[in-house]
Amino acid sequence: WGKEFNNLTNVENISFLIDSAFTTTTYGTGKIKITNCTDLTVINLADAKADFIEIGSTGMSLSNVNVSGNNLPASDTSGGGGGLSEIIVNVNALGTSNGFLNYSNQSTNAVPIGSICQTAYDNLIARGWTITGSAPSSPPPASFNNTLNFSGADSYSSTNGFSTYNPSNP
């Protein structure tokens, strides 16, 4: 499933509500896109089970964004902009202050990627936003290798010249 909200006026709040007829098997795993809704201040898509939530970076005055409890990835590698990192970048680009952003409890256990959104995250904090969810972290660089390689190390055929250390009897 998927929903798109684009160029809407006089809509101040978009919320996901679970009706009693819904079960965990009758909704979820979709994409939600929200762009250029000029009067929009609140997005509450908590527990919508969405795989991607794309929030546009222009034309809105958001002050409350709750996308907690979904299936969002750390970053949307398909280029659609629906991952946690892109949400932070786009909410920051809107330029609003003193808001609330909640992206906690993703079923993916995803953490925003610092190399994509750290500056935006810091800007939101500086503008008074309260953020609930893991702070961005950066994976090690591609050149990082934590494997020990002893292929060029000398080998010894005896223990002569080595001392023994016993931590129980130093």
Side-chain angles (χ1 to χ4, degrees), residues 1-140:
W1 66 275
K3 297 288 181 193
E4 185 169 340
F5 304 91
N6 189 21
N7 295 321
L8 300 176
T9 56
N10 300 317
V11 175
E12 296 176 5
N13 184 333
I14 295 176
S15 294
F16 176 78
L17 303 173
I18 300 174
D19 186 274
S20 61
F22 286 129
T23 67
T24 57
T25 58
T26 59
Y27 73 95
T29 65
K31 181 171 185 169
I32 300 170
K33 182 176 182 179
I34 303 169
T35 57
N36 295 313
C37 298
T38 55
D39 298 313
L40 188 63
T41 59
V42 176
I43 295 175
N44 183 2
L45 298 174
D47 301 315
K49 293 191 176 182
D51 295 320
F52 300 96
I53 298 175
E54 183 179 342
I55 298 173
S57 60
T58 61
M60 294 182 284
S61 298
L62 293 176
S63 60
N64 190 333
V65 178
N66 186 351
V67 295
S68 64
N70 284 286
N71 306 320
L72 301 179
S75 179
D76 183 356
T77 57
S78 71
L84 297 177
S85 303
E86 293 83 11
I87 288 171
I88 293 169
V89 168
N90 289 351
V91 169
N92 173 61
L94 294 171
T96 54
S97 299
N98 302 314
F100 300 92
L101 172 60
N102 183 354
Y103 53 81
S104 64
N105 300 319
Q106 300 300 314
S107 65
T108 57
N109 293 319
V111 174
I113 300 170
S115 60
I116 296 172
C117 66
Q118 187 66 59
T119 300
Y121 180 90
D122 294 342
N123 289 344
L124 288 170
I125 297 290
R127 289 201 316 267
W129 279 72
T130 300
I131 300 177
T132 304
S134 297
S137 66
S138 293

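Within the 4.5 Å cutoff, the side chain of Ile113 has no heavy atoms near those of the Gln118 side chain. Glu54 places a side-chain heavy atom less than 4.5 Å from the side chain of Lys31. Considering only heavy atoms from C-beta on, Leu45 stays 4.5 Å or farther from Asn66 through its side chain. Between Leu40 and Ile34 there is a side-chain heavy-atom pair separated by less than 4.5 Å. Between Ile55 and Val65, some side-chain heavy-atom pair lies under the 4.5 Å cut-off. Counting only heavy atoms from C-beta outward, the side chains of Thr35 and Asn7 never approach each other to under 4.5 Å.
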Legend entry - Verdict with supporting geometry, Val89 and Thr119, side chain to side chain contact (heavy atoms under 4.5 Å, CB included): CA-CA 8 Å; Val89 168; Thr119 300; over 6 Å; no
Inset, instruction - Please assess Leu124 against Ile131 for the test side chain to side chain contact (heavy atoms under 4.5 Å, CB included), listing each intermediate value before the final yes or no. - result: CA-CA 8 Å; Leu124 288 170; Ile131 300 177; 4.0 Å; yes
Inset, instruction - Begin from the C-alpha positions of Glu86 and Asn90 and carry the test side chain to side chain donor-acceptor pair (under 3.5 Å) through to its verdict. - result: CA-CA 6 Å; Glu86 293 83 11; Asn90 289 351; over 6 Å; no
Legend entry - Candidate pair Thr38 and Asn36, rule side chain to side chain contact (heavy atoms under 4.5 Å, CB included), full reasoning: CA-CA 6 Å; Thr38 55; Asn36 295 313; 5.7 Å; no
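What you find for Tyr103 and Ser134 is that their closest heavy atoms are OH-O, 2.7 Å. Considering all non-hydrogen atoms of both residues, Cys37 and Asn6 come closest at SG-N, 4.4 Å. The shortest non-hydrogen separation linking Ser137 to Val111 is OG-CG1, 3.5 Å. Between Ile32 and Ala48 the shortest heavy-atom distance is CD1-CB, 4.4 Å. For Ser85 against Cys117, the heavy-atom pair with the smallest separation is O-CB, 3.5 Å. Summarising the geometry of Trp129 relative to Val91, their closest heavy-atom pair is CH2-CG1, 3.6 Å, with the distance given to 0.1 Å.
Panel note: side chain Asn70, backbone Leu72; no donor-acceptor pair is recorded below 3.5 Å. Of the possible donor and acceptor atoms, one in the side chain of Arg127 sits under 3.5 Å from a partner among the backbone N and O of Asn92.
Note: Ile43 CD1 to Ile14 CD1 = 6.0 Å, rounded to the nearest 0.5 Å. Here the straight-line distance linking atom CG of Asp51 with atom OG of Ser78 works out to 10.5 Å at 0.5 Å rounding. Atom CG in Leu94 sits 5.5 Å away from atom CG in Leu62 (nearest 0.5 Å). Between Met60 atom CE and Phe5 atom CZ the span is 12.0 Å, to the nearest 0.5 Å.
Screening Asp76, Val67, Leu84 for a side-chain contact (heavy atoms from CB on, under 4.5 Å) with Ile53, the sole residue that qualifies is Val67.
Applying the side-chain hydrogen bond (donor to acceptor under 3.5 Å, both in side chains) test to Ser15 and every residue at least two apart in sequence or in another chain returns Asn13. Residues meeting the side chain to side chain contact (heavy atoms under 4.5 Å, CB included) test with Ser63, sequence neighbours left out: Thr41.
Counting only N and O atoms by type, the side chains of Asn71 and Ser107 include a donor and acceptor under 3.5 Å apart.
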